[in-house]
Amino acid sequence: MTDLPRTPSFSLTGQTALVTGASSGIGQGCAVALAEAGAHVVCAARGVDKLNDTVAALKDAGHSAEALSLDQSDLEALGTLMAERAFDVVVNSAGLARHGPALETTPEDFDAVAGLNLRAAYFLSTYAAKAMIAAGKPGSIIHISSQMGHVGGIDRAVYCATKHGLEGMVKAMAIEWGPAQVRINTVCPTFIRTPLTQSTFDNPERAAWITEKIKLGRVGEVEDIMGAVLYLASKASALVTGTSMLIDGGWTAD
Ligand SMILES: NC(=O)C1=CN([C@@H]2O[C@H](COP(=O)(O)OP(=O)(O)OC[C@H]3O[C@@H](n4cnc5c(N)ncnc54)[C@H](O)[C@@H]3O)[C@@H](O)[C@H]2O)C=CC1
Ligand SMILES: O=C(O)C(=O)C[C@H](O)C(=O)CO
């Protein structure tokens, strides 16, 4: 009889995952996806109330989760966490946008956006990889980057700079950590309906721009991102590292 190939498993049973920005939007969706696949999910964000609500809802649904209050820009707190806990999967969805014309960007805007989107993402990655390598186990690190890590966007110079930076960072880290089976990738969404994008959707000029650019004719929902994150977290993507999964409805196709 012919031996047929077997579909790789998407199960995360027995694994521990850290999801940052888990109290809201895409991060919350990632926490659900990983918990439904069987992982114990440590849900991190700054504010405790929304975080506790998310964890309570996950537990009510029969999943394994805990809440962790963390300001990710605080590298000392981040370093302590990553030294104390071992994670098989890290999903970084904490992110900040301060949109406006490049000519009006202040150094304070730049530092706030880059401090979270790039600096904290950089050290979250190195702290996570260090622990994974020390444990001698494979691991998967996933950053929620953006289509704005591949193209430019009006009023988005700082945001685009940080997301393009994230894309380069991930490629370089993938080269260094591949031999240890620590994989690192990005997911690059188009506009997704979350609290972050509400003000953009409320602006008729920007809303028209978005509708025109997304070839599939609709904005994204958090559910559009969850499958990609589960894929990159699981063994199904065992040969995938240093790459970027665009979920952009065709935005970057032309
Ligand atoms: N919504 C969208 O259209 C898109 C979002 N993205 C990216 O996805 C990620 C998540 O965005 P959304 O879910 O839309 O935003 P959101 O505003 O709903 O969630 C952001 C999360 O980050 C957390 N956060 C913010 N600052 C933090 C800090 N200093 N320390 C710890 N946590 C902090 C918040 O508590 C919140 O849980 C961001 O990196 C964003 O750039 C990328 C492409 C499209
Ligand atoms: O908030 C906005 O407006 C954005 O630019 C949203 C995103 O975070 C994004 O990356 C869309 O491509």
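When reading the values below, keep in mind they use all heavy atoms of this one structure, side chains included, and skip hydrogens, waters and symmetry mates. Read the numbers this way: they start at 1 and go in the same order the structure lists the ligands and their atoms.
Relative orientation of the Tyr159 and His99 rings is perpendicular, given thresholds of 30° and 60° on the angle between their planes.
At least one side-chain heavy atom of Ile184 sits under 4.5 Å from a side-chain heavy atom of Thr241. The closest side-chain heavy-atom distance from Ser140 to Ile142 is below 4.5 Å.
Only the side chain of His99 comes within contact range of ligand 2, with a heavy atom under 4.0 Å; no backbone atom does.
Using a cutoff of 4.0 Å between basic side-chain nitrogens and carboxylate oxygens, Asp248 and Lys213 are not scored as salt-bridged. Residues Asp224 and Arg218 are paired through a salt bridge, judged by an N-O separation under 4.0 Å between the basic side chain and the carboxylate. Between Glu108 and Arg98, at least one side-chain N (NZ, or NE/NH1/NH2) sits under 4.0 Å from a carboxylate O, which counts as a salt bridge. Using a cut-off of 4.0 Å between Lys/Arg side-chain N and Asp/Glu carboxylate O, Arg119 and Asp111 are scored as not salt-bridged.
Remark: side-chain polar atoms of Thr186 are not paired, donor with acceptor, to backbone N or O of Glu167 under 3.5 angstrom. At least one donor-acceptor pair under 3.5 Å links the side chain of His164 to the backbone N or O of Met148.
For a heavy-atom separation below 4.0 Å, the residues in contact with ligand 1 are Gly21, Ser23, Ser24, Gly25, Ile26, Ala45, Arg46, Leu70, Asp71, Gln72, Ser73, Ser93, Ala94, Gly95, Leu116, Ile144, Ser145, Ser146, Tyr159, Lys163, Pro189, Thr190, Phe191, Ile192, Thr194, Pro195, Leu196, Thr197.
Contact atoms of ligand 2 toward Thr200: 1 (O), 2 (C), 3 (O) (distance under 4.0 Å to a heavy atom of the residue). Every atom of ligand 2 with a heavy atom of Arg156 under 4.0 Å away is listed here by number and element: 2 (C), 3 (O), 4 (C), 5 (O). Each of the following atoms of ligand 2 lies closer than 4.0 Å to a heavy atom of Gln147: 12 (O). For ligand 2 and Met148, the ligand atoms under 4.0 Å from any heavy atom of the residue are 10 (O), 12 (O).
When hydrogens are left out, the protein atom nearest atom 10 (O) of ligand 2 is Ser146 OG, 2.5 Å; that is the closest non-hydrogen contact. From the protein, the heavy atom lying nearest to atom 8 (O) of ligand 2 is Tyr159 OH, 2.4 Å.
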